[in-house]
Amino acid sequence: QGSYDVSIDENHFRDVLLYHTNPPPSKPGHEASLIKMGFPVYCVESQPALCLCHIDQDLSEIELLSKPTYSCPQCASKYCEVPIECKGCGLPLVSASHLARSYQHLFPVPPFEERDFNLSVAGVDQTFHCTACGIPFSDNRKVFTCTQCNTTYCIDCDIYIHETLHSCPNCVILN
């Protein structure tokens, strides 16, 4: 089950991509706001370049001169690391990977419902093992249930989902 598309041009590629992606849900009554950001160009200079990160320090220090630099797309100022705010034009400079990592903090996984597992009162529809790692549940053990898809996890997988994955695996599969 799926579809196969071959893009004809840039606009067609955009249309096909947007057809297959869902935008994140927005909160009711919340207005969208845009933040202007720059994605600096990474380049390795043939000659050492002075970065603006360390412009206020003593120029005699050799570590101020760096060969690999990031160049601001708006004013071409050089920097040795990102993320940083450009001192020349004020544009926030970030790499795509930094932006992707910060996305998870905008839409965190809601806390799972904590409860005690009791084998004697377990229902027919209740799982007897962690859905993610498969470890069987024992009596009086804490289990965690996703409030959106009702999938049950052990404490280790709950921690892993909330601190590393940042999304419930079963919710991703169902959506």
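Source: prediction; values computed, not measured. Basis for what follows: all heavy atoms, side chains included, without hydrogens, waters or symmetry-related copies.
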- Which of these, Pro73, Pro40, Cys75, sits in a side chain to side chain contact (heavy atoms under 4.5 Å, CB included) with Leu91? Pro73

- Flag, side chain of His129 to backbone of Tyr153, donor-acceptor distance under 3.5 Å: no

- Message: Using a 6.0 Å cut-off, check whether atom CD1 of Ile155 has over 12 heavy atoms from anything other than its own residue.
- Response: no

- Which heavy-atom pair separates Pro111 from His162 by the least distance, and what is that distance? CA-NE2, 3.7 Å

- Nearest non-hydrogen partners of Asp158 and Phe112, listed with the distance: OD1-CD1, 3.0 Å

- Task: Please report the shortest heavy-atom distance between Ile161 and Pro169, naming the atom on each side.
- Result: CD1-CD, 3.7 Å

- Message: Less than 4.0 angstrom from a charged side-chain N to a carboxylate O is my criterion; do Arg141 and Asp116 meet it?
- Response: no

- Query: Ignoring hydrogens and geometry, is there a side-chain-to-backbone donor-acceptor pair from Thr152 to Thr145 under 3.5 Å?
  - Reply: no

- Item | Leu17 CG to His12 NE2 distance, which is reported to the nearest 0.5 Å | 11.5 Å

- Pick from Asn150, Thr151, Thr131: which one makes a side chain to side chain donor-acceptor pair (under 3.5 Å) with Asn170? Thr151

- Minimal non-hydrogen separation, Leu52 against Lys87, with atom names: O-NZ, 3.3 Å

- Query: So which heavy atom on His98 is nearest to which on Val82, and how close?
  - Reply: CE1-O, 3.4 Å

- According to a 4.5 Å side-chain heavy-atom criterion applied to Ile, Leu, Val, Met, Phe, Trp and Tyr, with indirect links allowed, do Val41 and Tyr79 form part of one hydrophobic cluster? no

- Under a 4.5 Å side-chain heavy-atom rule over Ile, Leu, Val, Met, Phe, Trp and Tyr, are Phe39 and Ile35 clustered together? yes

- Close side-chain approach of Cys130 and Phe137, heavy atoms under 4.5 Å: yes

- Message: Under a 3.5 Å distance rule, please check whether Tyr70 uses its side chain to pair with a backbone N or O of Pro83 as donor and acceptor.
- Response: no

- For the residue pair Cys171 and Gln148, what are the closest heavy atoms and their distance? SG-OE1, 3.7 Å

- Message: What's the separation between atom SG in Cys146 and atom CD in Glu113, rounded to the nearest 0.5 Å?
- Response: 10.5 Å

